[in-house]
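Only one structure is covered here, and it is reproduced in the block below.
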Amino acid sequence: MPDHQFADHDLAALYDALNPRSGDFAFYQPMLMAAESVLDVGCGTGSLLHWARESGHTGRLVGLDPAAGMLAQARRRDDVEWVHGDLSTVSWRGEFDFAVMTGHAFQVLLTDEELRTAFAAVRRALRPGGRFGFETRNPAARAWERWTPGTVWETGSVRSWNDTGPFENGCVSFTTTYESPDWDAPRYSESTLRFLDVPTLSGFLEEAGLVVAEQYGYWDRTPVTEASPEIITIARLT
Ligand SMILES: C[S@@+](CC[C@H](N)C(=O)[O-])C[C@H]1O[C@@H](n2cnc3c(N)ncnc32)[C@H](O)[C@@H]1O
């Protein structure tokens, strides 16, 4: 497995402080709590599953992520299964009531082939009646235009900002710089995210044998519109 942007343990340790939640955890929490077994794909630092356990979830919680640095953070709790990998490396069959990808982790799936592999793996991993919740930023809202060096995040002595390239072939690439007076040199991470529109997303879901049970444009459950920031989808097995 290739090394990953979040393999850096120091940057992974800063992730939660630099990425305050925007309503996503509160949105998914009732679905997690109602599910006996949950798979969090691209679980990162594991904060969603930590929160589920702290909120009283007593069933099976599994977090999957390819970044060693992120999983090192997640492993602060040992009452959750943490798996190093991605949906191309797993073989779960009919084991989960709910699968989730949040923090826009879904947007790291860049190619059509990666998307097909991911949806097929989620489909196999779900039990009959199982559901898959994930969100992707609405391309029509053009969020990347605000990812500029003028928008700075700070935690402790660390400052971070993005330098973002153009929207090309449905994707946007950006470099995140992390700077601190306590470090000899800045650190950098390179990212590319794909932005799918609703019709394209629907095509992949249908091909995978998944149907849209619910879809929203924001965490307050308002519908998807031209201006809505998110495309939040709860899909279920056909
Ligand atoms: C923006 S973070 C979101 C983390 C977490 N879900 C959250 O909400 O805080 C994206 C995560 O996706 C993981 N990731 C990268 N490539 C992936 C892939 N192919 N499959 C699953 N996860 C991946 C990264 O390591 C990272 O932890």
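The analysis underlying the following values was restricted to heavy atoms, covering all of them including side chains, and did not include hydrogens, waters or symmetry mates. Atoms within a ligand are numbered from 1 in the order they appear, just like the ligands themselves.
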Can you tell me if [X] uses its side chain to pair, donor with acceptor, with the backbone of [Y] under 3.5 Å?
X    : Y    : result
D86  : P66  : no
T151 : W147 : no
R123 : A208 : yes
Q107 : R137 : yes

Below 4.0 Å from any atom of ligand 1, is there a heavy atom belonging to V108?
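V108 counts as a contact of ligand 1 under the 4.0 Å cut-off.
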
Is the shortest distance from a heavy atom of D65 to ligand 1 less than 4.0 Å?
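True for this residue.
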
Residues in ring pair (Phe, Tyr, Trp, His ring centres under 6.0 Å) contact with F134, at least two apart in sequence or another chain:
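Applying ring pair (Phe, Tyr, Trp, His ring centres under 6.0 Å) to F134 gives F106, F119, F132.
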
Under 4.0 Å from a heavy atom of [X]: which atoms of ligand 1 are those, numbered in the order shown and with their elements?
X    : answer
D86  : 18 (C), 19 (N), 20 (N)
G103 : 1 (C), 3 (C), 8 (O)
A67  : 25 (O)
M70  : 27 (O)

Heavy atom to atom 21 (C) of ligand 1, shortest distance: which of S88, S47, A12, G42 holds it?
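Heavy atom nearest to atom 21 (C) of ligand 1 belongs to G42.
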
R60 and E95: salt bridge (charged side-chain N to carboxylate O under 4.0 Å, His left out), yes or no, with the steps?
CA-CA 10 Å; R60 185 180 180 201; E95 296 178 42; 2.7 Å; yes

Take a 6.0 Å sphere around CD of E207 and say whether it holds more than 12 heavy atoms from other residues, nucleotides or ligands.
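For E207, atom CD is crowded (more than 12 foreign heavy atoms under 6.0 Å).
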
Should D40 be counted as touching ligand 1, given the test is an N or O pair under 3.5 Å?
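No - when backbone and side-chain N and O of D40 are compared with those of ligand 1, no distance drops under 3.5 Å.
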
Answer side chain, backbone, both or neither: which part of [X] comes under 4.0 Å from ligand 1, heavy atoms only.
X    : answer
P66  : side chain
T102 : both
R21  : side chain

Ring pair (Phe, Tyr, Trp, His ring centres under 6.0 Å): which pairs involve residues 206-238, sequence neighbours left out?
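Only F27-Y216, F27-W219, Y28-W219 qualify under ring pair (Phe, Tyr, Trp, His ring centres under 6.0 Å).
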
